[in-house]
Structure formats: C-alpha cells, structure tokens
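Below is one structure, written out as structure tokens; the observations come after it.
Chain letters run A, B, ... following the sequence lines, proteins first and then strands; every chain starts at 1.
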Amino acid sequence: MPELPEVETTRRGLTPYVVGRTIERVEVREPRLRWPVATALPRALAGARIGTLERRAKYLLFGTDAGTLLVHLGMSGSLRYLPAPQEPAPHDHVDVHFAGGGTLRLNDPRRFGSVLLTRTPRTHPLLEHLGPEPLGEAFDADYLYRASRNRRVAIKQHLMNGRVVVGVGNIYASEALFRARIHPERMAGRIARARFEPLVEAVRDVLRDAIEEGGTTLRNFVGGDGEPGYFRASLRVYERAGLPCLDCGAPIARRVLGQRATYYCPRCQR
DNA sequence: CGCTGACCCTGACGGC
DNA sequence: TGCCGTCAGGGTCAGC
C-alpha cells in the first residue's frame with residue numbers, strides 16, 4: 001500500500017495525537033515482521049516521550065528520548081491512533097499505549113513492515129544510503145540526469161531505486177512517467193537531458209497531488225485518522241489496462257517490469 | 001559495480 | 001462450494 005504520499009498522510013494524521021505524548025507500554029503481539037521486533041524494544045520505550053514525528057523516504061521516525069523509533073509500513077501496513085481501548089483485530093501486531101490513554105496501533109497483514117529502535121538514525125544501515133527526497137531541493141533535473149548516465153535499466157525501475165530517489169513506488173512511477181510522456185521501458189541512460197525537467201516536475205506534481213488527496217487507497221490503506229485516501233480517482237494509467245488513455249484514447253497497456261506491474265499509454269509515451 | 005530474479009507473507013479474486 | 005493459480009502499493013539479498 002504505502003508509497004510516500006500514504007506515509008506522509010499517516011505522519012500528518014498522527015502528529016497531533018502522538019507528538020508530546022509519553023509512552024506507557026508497548027505491546028508486541030507478533031514480532032515476526034520484515035525484521036523481528038527486538039525483544040528489548042518495549043522495555044526501552046516504556047516511559048519515553050515522543051518529541052517529533054518525521055518522515056524519511058517511506059520510514060516514519062518517532063523521535064523519543066530513548067532513541068528513534070523507525071516504522072516502515074511495507075506493502076500492507078497501516079498505523080492508526082485509537083482514542084479509546086479497542087479489541088485487537090487480526091494482524092494488529094504492535095500497540096503503543098500512551099500515558100493518559102490512547103493507543104497507536106500497527107496493522108500489517110503481510111508483515112513486510114518493520115519496527116526498529118535506533119540511537120543513530122542518520123547512520124542506520126537502512127537509511128544511510130537512501131537517495132534524496134523527491135520533494136526536496138536536492139532532487140532536480142541536473143541531479144537525476146547525472147544519476148541516470150550510463151544506466152541501462154528502464155527509467156521506471158530507476159525511479160523506483162531508493163538510492164536514486166526515495167518514495168517513488170509502483171503507482172507513482174507509472175503515473176509520473178505518463179505525465180512526463182516517457183515510456184517506462186526507456187533506458188534511463190538514453191533519455192535526453194531536456195526531458196529531465198518535465199520528468200522531475202511530473203514526479204513532484206504527482207506526489208504533491210496525491211498527498212493533497214490523502215494518498216491512494218487501493219485495498220486497505222487508511223491514514224492515521226482511519227480515513228482512506230482519495231487519489232485513486234485521479235490515477236491516469238495505474239490499474240487502467242485496456243481502458244482508453246485520457247489524453248489520446250488509445251488503450252492503456254500493462255507490462256511487467258522487474259516483477260512489478262507497469263501501466264502506460266503506448267501512443268503518448270515514448 | 002550494475003543488474004536480475006528469488007524471496008519474505010497473507011488475502012482477495014477469478015476460473016474451473 | 002472449494003481448490004488452485006495469480007496478483008498485490010515494500011524492500012533485501014545472492015549471484016552473475
């Protein structure tokens with residue numbers, strides 16, 4: 001489920017409920033996530049106060065005086081704040097109970113997500129080698145052009161490579177390339193310099209638009225407030241195989257690239 | 001070093 | 001109805 005817009009939606013939704021709160025108790029019902037939840041984690045966090053909630057790539061970083069809690073939602077994860085106690089449902093793997101009431105609850109059916117505690121987030125192996133934020137200043141046409149030289153991979157896979165730029169997942173890679181009119185299979189290293197301005201703008205625009213709509217709910221994504229995202233209605237190619245291109249009417253094509261479904265207009269995108 | 005494909009896991013859905 | 005194959009928004013890792 002979550003790409004950058006969904007994670008950012010979650011961050012914004014949770015911030016008023018969790019920042020400034022003191023953790024009373026952490027309850028781990030199922031530690032077998034992408035990486036096992038450390039047995040020492042609940043004890044380490046008990047009594048800690050959350051001072052900040054930030055996002056880096058698709059990670060949520062809860063800054064506490066006991067270290068930084070890193071949460072990744074994987075494919076199927078979601079975080080919700082519950083003001084009142086609620087019976088855990090299937091796949092509700094982790095609860096963070098706050099002093100004074102309220103619970104932050106992680107649900108993740110496929111368990112590709114992760115919950116980690118670190119004292120040194122900047123140099124954590126999972127974060128250290130990440131590329132620039134797509135909505136930050138470092139991500140511009142010059143950067144992406146240089147990062148693409150001599151690369152033989154398809155531009156779509158290139159955009160989804162977290163070392164190149166973070167946060168661009170399967171939905172928004174297809175959507176951005178449609179907006180930039182670039183064929184997803186075009187070799188990254190063979191794209192003309194002039195096309196990188198529109199491409200970078202397309203990536204930024206589609207992510208910004210999606211954040212404004214509260215992300216994309218395909219199956220089960222809900223933001224921190226439990227609301228689904230509404231960007232699905234704005235998707236132009238994703239999951240539209242066979243339907244007419246909104247620009248030219250040609251049927252949208254679907255092809256598998258690097259084991260991921262890829263959607264594009266074979267007429268508009270070159 | 002760059003790149004490909006296997007793999008982690010559960011659930012929904014369509015075909016038979 | 002039930003079984004089976006396919007697919008799903010994430011990422012790491014081994015191997016060439």
Side-chain angles (χ1 to χ4, degrees), chain A residues 1-10 29-37 55-60 70-79 89-93 106-116 124-131 134 146-177 184-185 187-190 203 206-207 209-211 213-223 228-242 254-263:
Chain A
M1 73 81 231
E3 298 189 31
L4 185 148
E6 291 73 40
V7 179
E8 180 62 20
T9 295
T10 299
R29 284 181 213 85
E30 175 55 86
R32 294 174 302 168
L33 304 185
R34 179 67 174 81
W35 288 280
V37 181
R55 180 188 57 73
R56 173 73 174 109
K58 296 170 192 166
Y59 289 89
L60 288 164
L70 293 180
V71 176
H72 197 291
L73 298 175
M75 283 281 250
S76 57
S78 58
L79 273 177
H91 312 301
D92 282 343
H93 303 314
L106 172 74
N107 179 281
D108 185 4
R110 294 177 72 181
R111 291 194 271 119
F112 287 176
S114 50
V115 175
L116 304 155
H124 192 282
L126 292 172
L127 302 184
E128 195 176 5
H129 301 291
L130 291 177
R146 287 199 215 102
S148 304
R149 291 310 87 190
N150 303 320
R151 296 306 196 85
R152 306 184 59 82
V153 277
I155 183 64
K156 189 208 175 210
Q157 290 168 276
H158 193 59
L159 287 177
M160 290 177 66
N161 180 349
R163 290 186 172 233
V164 175
V165 58
V166 301
V168 185
N170 203 38
I171 298 179
Y172 302 114
S174 281
E175 292 296 315
L177 288 166
E185 289 177 305
M187 265 185 356
R190 281 229 210 120
V203 169
V206 73
L207 294 175
D209 290 352
I211 290 170
E213 298 288 330
T216 301
T217 294
L218 292 182
R219 285 156 198 92
N220 51 13
F221 171 76
V222 288
Y230 298 102
F231 192 72
R232 185 174 196 178
S234 307
L235 297 177
R236 300 183 192 172
V237 289
Y238 192 81
E239 285 196 336
R240 292 195 67 246
R254 176 190 187 275
R255 192 168 290 195
V256 175
L257 228 58
Q259 307 167 136
R260 313 300 296 275
T262 303
Y263 300 85

Where the side chain of A/R56 meets the backbone of A/L130, is there a donor-acceptor pair that is under 3.5 Å apart?
-> yes
Side chain of A/R254, backbone of A/T262: donor and acceptor closer than 3.5 Å?
->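 A pair under 3.5 Å: no.
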Close side-chain approach of [X] to [Y], heavy-atom, < 4.5 Å:
X      : Y      : value
A/H124 : A/L116 : yes
A/L4   : A/P134 : yes
A/E6   : A/E8   : no

More than 12 foreign heavy atoms under 6.0 Å from CZ of A/R29: is that the case here?
-> yes
May I ask you to check whether over 12 heavy atoms, not counting those of A/R190, lie within 6.0 Å of atom CZ?
->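 Atom CZ in A/R190 is not crowded, with 12 or fewer foreign heavy atoms closer than 6.0 Å.
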Interatomic distance at [atom1], [N] relative to [M], whole Å:
N     : M      : atom1 : result
C/dT6 : B/dA6  : P     : 14 Å
B/dG5 : C/dC7  : P     : 15 Å
B/dC9 : C/dC13 : P     : 15 Å

Side chain A/R110 and base B/dC9 donor-acceptor under 3.5 Å =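 When only heavy-atom distances are counted, A/R110 does reach the base of B/dC9 through a donor-acceptor pair under 3.5 Å.
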May I ask you to verify if any side-chain N or O of A/Y238 is less than 4.0 angstrom from the OP1 or OP2 atom of C/dG9?
->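 Yes, such a contact exists.
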OP1, OP2 of B/dC9 versus side-chain N and O of A/H91: anything below 4.0 Å?
->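 Checking A/H91 against B/dC9: no side-chain N or O falls below 4.0 Å of OP1 or OP2.
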Closest approach of A/E175 to A/V206 (non-hydrogen atoms, all atoms of both residues) = CB-CG2, 3.7 Å
How close do A/I211 and A/T9 get, heavy atom to heavy atom, and via which atoms?
->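 Closest approach of A/I211 to A/T9, heavy atoms only: O-OG1, 4.2 Å.
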What is the separation between atom [atom1] on [X] and atom [atom2] on [N], rounded to the nearest whole Å?
X      : N      : atom1 : atom2 : value
A/L159 : C/dG10 : CG    : P     : 13 Å
A/D92  : B/dG11 : CG    : C1'   : 16 Å
A/R111 : B/dT10 : CZ    : C1'   : 8 Å
A/Y172 : C/dG9  : OH    : P     : 12 Å
A/E239 : B/dA12 : CD    : C1'   : 12 Å
A/H93  : B/dC8  : NE2   : P     : 17 Å
A/N161 : C/dG10 : CG    : P     : 13 Å
A/L33  : C/dT12 : CG    : P     : 15 Å

For A/Y59, ring pair (Phe, Tyr, Trp, His ring centres under 6.0 Å) partners two or more places apart = A/H72
Contact class for A/R254 vs. all strands (heavy atom < 4.0 Å): base, sugar-phosphate, or nothing?
-> sugar-phosphate
Those residues that, when tested against A/R111, pass salt bridge (charged side-chain N to carboxylate O under 4.0 Å, His left out) (two or more places apart) |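 Salt bridge (charged side-chain N to carboxylate O under 4.0 Å, His left out) check on A/R111 returns nothing, list empty.
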What are the atom names and distances for every N/O pair under 3.5 Å that joins the protein to nucleotides 13-16 of chain C?
none

Nearest-nucleotide check on DNA chain C, A/N170 vs A/L126; residue mapping nearer the 5' end is A/N170
Whether A/F112 stacks on the six-membered ring of B/dC8 base, 5.5 Å and 30° limits |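 Stacking is present between B/dC8 and A/F112, given that their ring centres fall under 5.5 Å apart and the planes under 30°.
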Contiguous Watson-Crick or G-U pair runs (3 or more, under 3.5 Å) in DNA chain C | B:2-8 with C:10-16, B:10-16 with C:2-8
B/S/- contact track for nucleotides 1-6 of chain B, protein heavy atom under 4.0 Å = --SSBB
Pairs meeting criterion ring pair (Phe, Tyr, Trp, His ring centres under 6.0 Å) with involvement of residues 153-177 of chain A, two or more places apart = A/Y172-A/F231
